[in-house]
Amino acid sequence: MMHIPCPHCGPRDETEFSYGGPAHVARPGLEASDREWTQYLYHRQNPKGAYRERWCHSYGCGRWFNALRDTTTHVISKVYLMGETGE
Amino acid sequence: MSAGPYRLALHDDRTRVPFTFDGHALEGIEGDTIASALLANGVRVVSRSFKFHRPRGVISAGFEEPNALVQIHSGARAIPSVRATLVPLTPHLEVFSQSGWPSVSRDVLRALDWLHLVFAAGFYNKAFIWPSWGVYEPVIRLLAGLGHTPAARDPDRYETRHAHCEVLIVGGGAAGRAAAQTYAGKSERVWLVDGAELTAAGDISAASNLTLKPHTVAVGMYDHGLVALLESINGASSQAPRERLWLVRARRIVLATGAVEQPLIFSNNDRPGIFLAGAARTYLERHGIAPGRRVVIATNNDSAYDVAKAVCRAGVNVLLVVDSRDTPEPTLIRELQALGVRVRSRSMPIDSSGFSALKSVTVATLTPGGIGQRDRIPCDALLVSGGWSPTLHLYAQAGGKLQYSVATCALSARGDVHHVDVIGAAAGECAGELGPRVSPIGNRARQWVDLRHDVTVSDLDLAVRENFCTIEHLKRYTTLGMSVDQGKLGQAAATEIIAGIRGIPPQMLGHTTFRPPFVPVTLGAMVGRNVGDFFAPTRHTPLHAEQAAAGAQFEDYGEWQRAAYFAKPGESREDAIRREVHLVRTGLGIYDASSLGKIELKGPDALEFADRFYCNSCLLTLKPQRVRYGLMLRDSGAIFDDGTVAVLDDDRVLLTTTSSGASRVAAWLEEWRQCEWPDQRVVVVTVTDQWATVALTGRQARAVLERLKPKCDLSNDAFPHLSVRVTSLLGSEARIYRVSFSGELTYEINVPSHRGADLWSVLMDEGRSFGIGPYGVEALLHLRMEKGFIHVGADTDGTTVPDDIGFGNPASAKQKHYIGKRSLTLAENVRPDRLQLIGLAGLGRAALPVGGHLRLPDSHEATDGWVTSAGLLSSDGKPVGMAMLRAGRNQMGNLVTVHDGGRVVAQARVVRPLFYDPQGMRTNV
């Protein structure tokens, strides 16, 4: 069980959070081709190593945020707010 | 008289502890484990092996024990497969062996051992395939001796605790105690845990920041410094829990987990009476038990020399020490010679004899080409030492890398995990020069590398021959290390042998993955207090007590306990539901709808925000006090939830959701608000629990509600169907909806939760002269089925799109960009042969089976769809239902067969899914 640093509440057990999949997935408009739309719906990178993803502190402040996590070591090197790029 | 024939006099003054083993009354002493008490009493055979049913005895004194797995207690408190080496003996403990018939010492299945050539690795996969594995499995399980699960619910209590510390030290040996001493002086909170006794005596100061946890095993290392500890609580008050699972978050973890002594590999190295040398020393020094009367010691390293001295000094006859090295340290040899013990170097055991107890061991001189002189030495105990393998399970679980070390001939920690230190024997500090530990000759089918699962060297040969070469394949093919002991004994020896068979250096072989738990954890400890009523919270509506008084039969609907129906004396469930349906259709019903999800949106953009979630109509034109039905989609186009949207005010919208969907929908709205549309000026608040909701249903609903003198006009013109009034009732704020899920005139009246009970009683009183009666969830589900209203999750599934249930294709409408819209024109979602919602009119008299599959005439498909809802019409008793059917809307008027349990159970005609009041005359009155 990870210890996730909520940017609003500080470090908390993983059980307080919900996972929201990769961060920064752009949602295309209605004019998107079938291919672009299904890419958005179903295709994910699932890389080994650094990964930007969304978490929600569901059983805490209820806020969504982004985290930069290494998928092999689970080290969370950065958390940042929705709308930020994290660079 | 001593407590057991093998007990030495020096422990005679300790308190006697009576216990039973397979019903025989025996006596141990205070401080014994089950294993030591059995050894003291001369019990050599404690189990039968897994495949061959060979007699097996205690071999170790720790968690690595593969043989002495026993069942303790009986009845509801029984626990199977505990390590006799770890469980402290308590007065009147019942201990049972787990294998062998009729008994562990006289097992008729020993015959299996003669057939051992048949039972090579993979024989299950090769032999038990006809007609199916399922035929053999129960018998094989029985023979395997895995113990018995208790027949009744465990009466004991278990606990889960959370804790934090700066430093957690695992292992209370010399290294662990020294670390505790050091850290206690400089860190805030220090924990020291050990599976055995641990006292604040000697080198450990009783510092206030040092927490000692004896009888506590670290069973798992997880991410970010989380360690799971299993604490056994013995002999405390009956109020104490039996076990406690600690979840400790530690900043730094120090692993002083020691090392496991390795066995020597030679023919018949599994006989009762063969012990690990270090274990024999533990039994001798801690429990005063002689390993035998005439003892031989065989080693490939220095550590067994101390054991030999200790055994000798205890007055036990040590016949010989055999060392596989060419030139052991001369001082060690001289010390033993001074005690009268002969040392034979460059030699090792190659075979043993005896059946239920060791009778002799054959020792041979190792020569460059094989073996030289061999001698058979009668003895009743053989103590072996094949070097020490660091205990690194926790280190590996934490993500540490392991590498086979040529110096220690075992896996060792390589590199580092940033918050974990490995110290002492676990860090390989006990290494010295090692001699061979595998006999160069002998019958490989009788050389055991995994005692628990009966895996021999010849099994490893076979696996490699059949190309199961990599360590992970080989493990699964031979089941090496896959039993309850997880192969903790002899792991290093196995690595060496497999590498030898493959002709590669052992460091190239790699290792299997170490996963928690380190030792088996009882289910009781894992669930802690979360059993029975505490397993999951149940939710009651504010009207629970009123309904219970009215005879409600509550059932679980998701997390809610709701009234399924209201039983009258002598009435069956079906009778009650039928009566309630009839009551609503012909009279007046009252229903608790409080569990419906209610979510309030507040802010200038509330309506626009809501509009983006519903596919079936544009909400932007919705006027205050009006209500609309809405269907909510995932972005994939699949139906997610449904409910109503009511505009209470310009900046306030109230959504209702399905009872089970309330929290899901609220989270969904919040996710889009925060992540996708942060510019929307709106807040989302769940108000389900704030309101009690009573539905008043039937032609007389208006007349009864009038009597409560609401501050709004109830006439059909002033307050039409699909509208809402914020008003006051019984002196409280009230939100009254005119909506209908049953097809009858319905007022859904919301009042603050604490006024719900009042409202229910007043309506019951006022409605009495109209014959009012309560109805439950089941009647409502039937009523809505007659109207063809879908029940999301029952009539739809995760693939259903709006067009499938007859909503047309809303993507073609010029409505805005709601969630899921783009998906509705994807090729998959407009396929003409999709499952579509239709009605079924059964030709027989019995109700159609929900879940029963449908087939069209001349169909070549396995199934063409299934029944999603069904019942007998309240008007004429005919069977009807709703179903998803392949291209169903093209099949109107056609017959389908309905299948259940592999048989055709009915024929039904495909009709429109609407069986009651098609014009909606009854709703709009």
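Within every chain, numbering begins at 1; the chains are lettered A, B, ... in the order of the sequence lines, protein sequences first and strands thereafter.
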Practice item. Verify the neighbour count for atom CZ of B:Arg251: are there more than 12 heavy atoms of other residues, nucleotides or ligands below 6.0 Å? Key: no
Review point. With only heavy atoms counted, which part of B:Leu826 is less than 4.5 Å from chain A, the side chain, the backbone, both or neither?
Key: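 For B:Leu826, backbone and side chain are both near chain A.
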Practice item. Tell me, for B:Ala827 versus chain A, whether the close heavy atoms (under 4.5 Å) come from the side chain, the backbone, both or neither. Key: backbone
Point to revise | Selection from B:Glu670, B:Arg634, B:Glu671, B:His418 maximising heavy-atom pairs under 4.5 Å formed with chain A | key: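 Max contact count across the listed options: B:Glu671.
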**Study point:** Contact check, side chains of A:Arg54 and B:Gln674, non-hydrogen atoms, under 4.5 Å
**Key:**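 When only atoms from C-beta onward are counted, B:Gln674 and A:Arg54 do not touch, as no gap falls below 4.5 Å.
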Which residues in [range] have any heavy atom lying under 4.5 Å from a heavy atom of chain B?
| range | answer |
| --- | --- |
| residues 31-40 of chain A | A:Ala32, A:Ser33, A:Asp34, A:Trp37, A:Thr38, A:Tyr40 |
| residues 76-85 of chain A | A:Ile76, A:Met82 |
| residues 2-18 of chain A | A:Met2, A:His3, A:Asp13 |
| residues 55-70 of chain A | A:Gly62, A:Arg63, A:Trp64 |

Check your understanding: How far apart are the closest heavy atoms of A:His74 and B:Asp223, and which atoms are they?
Key ->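 Taking A:His74 first and B:Asp223 second, the nearest heavy atoms are ND1-OD2, 2.8 Å.
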**Study point:** Rounded distance (nearest 0.5 Å) linking atom NE2 of B:His817 with atom CZ of A:Arg27
**Key:** 4.0 Å
